[in-house]
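Start at 1 and go down the list; that is how both ligands and their atoms are numbered.
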Amino acid sequence: MAYRWNNNLKDADVTPEKMFMNRRALLAGMAAATVLPSISNAAVETPEPNSWEDITSYNNYYEFGTGKGDPAANAHQLTISPWSVRIDGMVDNPGDFDFNDIVSQMTIEERIYRFRCVEAWSMVVPWNGFELADLLNLAGVKSGAKYVAFETLNRPSEMPGLRYNVLDWPYVEGLRLDEAMHPLTIMATGIYGRDIPKQNGAPMRLVVPWKYGYKSIKSIVRITLTDKEPPTSWNRSQPSEYGFYSNVNPEVDHPRWSQSSERKIGGGLFSKRIPTLMFNGYEDEVAGLYAGMDLEKYH
Ligand SMILES: Nc1nc2c(c(=O)[nH]1)N[C@H]1C(S)=C(S)[C@@H](COP(=O)(O)O)O[C@H]1N2
Ligand SMILES: [Mo]
């Protein structure tokens, strides 16, 4: 990897408690920062992470119900061991990869990312995980592949929300290959140094910090390399509201509400709306992926 561990994190943002949580990753990050060219944007600071309570009790995971509290109430039913991920399509080594085997071959790091839901709320989450590029390289991406398709588990016996046709199941998402290979794109396997809770997408969920939250597909069982733009669940259900790219963009409103500001969860009654940043604050790192594209058309 050309560079790692870019999260715009300032020393002042890291409380002693959080340092304790993942000293090894933090030290690795600080060491890397001294030898690698810094690509962080000094003007953009990562705010204080949300609490464990906020992150694990206010969720979107429609396979467990559409209410914000439903995933926390219902996801305990999910069996996550054993777990395997099928990687297929345009790869050199297609097959079923055991989750524990994958993790044992990956570099697990902590990254604190801002997270922006399309519903105009946001959170700051200290993820643990590995770069998606490392997993794709393990499978060996064939030349000619242009997109990556992702699929969530579809197990009605453990996911009560699947009986409602709010989306067509299984939940699917997609990225362009260069987005998938970008070093900011991670597979999260933990939060605050603990295993990722089921309501947050155990055992492995995507995190793409410059895109609206729904791109960050949970509990992934299949990853397919393809040369065609894959379907996505939200685009299928409401094509006028949800495009393929779904980059956070304060200038392109959702048809039913403004995307120019957001409310950070956990601020209580007096929480102020804060301005939403282009590409959720990761503009320096990712704007180049979309050079020359009309971001209103390709929203
Ligand atoms: N399989 C699946 N993945 C999903 C969703 C879902 O309903 N099902 N919701 C998405 C949406 S809209 C958001 S905002 C994030 C929420 O992630 P969090 O609950 O960890 O904050 O998960 C995304 N991933
Ligand atoms: Mo969302």
Below 6.0 angstrom between ring centroids: does that apply to [X] and [Y]?
X      : Y      : value
Phe244 : Trp234 : no
Tyr290 : Phe279 : yes
His254 : Tyr242 : yes

Check: [X] N/O within less than 3.5 Å of ligand 1 N/O:
X      : value
Asn200 : yes
Arg205 : yes
Asn59  : yes
Thr152 : yes

Next item on the list: Check whether any side-chain heavy atom of Trp121 lies under 4.5 Å from a side-chain heavy atom of Glu262, and answer yes or no.
Entry: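 They are not in side-chain contact.
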Note to self: A side-chain contact here means heavy atoms from C-beta on lying under 4.5 Å apart; do Asn200 and Asn59 qualify?
What the structure shows: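 Contact flag for Asn200/Asn59 side chains = yes.
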Checklist line | Nearest non-hydrogen protein atom, atom 8 (N) of ligand 1 | finding: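 I find the closest protein heavy atom is Glu63 OE1, 2.8 Å.
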Next item on the list: Please check if any side-chain donor atom of Thr224 sits under 3.5 Å from a side-chain acceptor atom of Thr226, or the reverse.
Entry: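 There is no such pair (donor and acceptor under 3.5 Å, judged by atom type) between the side chains of Thr224 and Thr226.
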Check: At a 4.0 Å cut-off, with the gap strictly under it, does some heavy atom of Phe115 reach an atom of ligand 1?
Finding: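 In this structure, Phe115 qualifies as a contact of ligand 1 - some heavy atom is under 4.0 Å.
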Check: Taking the minimum heavy-atom distance to atom 23 (C) of ligand 1, which of Pro170, Ser216, Pro71 ranks first?
Finding: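 Answer by nearest heavy atom: Ser216.
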Next item on the list: List every atom of ligand 1 that sits less than 4.0 Å from any heavy atom of Asn60, numbering the atoms from 1 in the order shown and giving each element.
Entry: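 Result: 5 (C), 9 (N), 11 (C), 12 (S), 13 (C), 14 (S), 16 (C), 19 (O), 22 (O).
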Check: Applying a 4.0 Å heavy-atom criterion (strictly less than), which segment of Tyr62 is in contact with ligand 1: side chain, backbone, both, or neither?
Finding: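 For Tyr62, backbone and side-chain atoms both sit under 4.0 Å from ligand 1.
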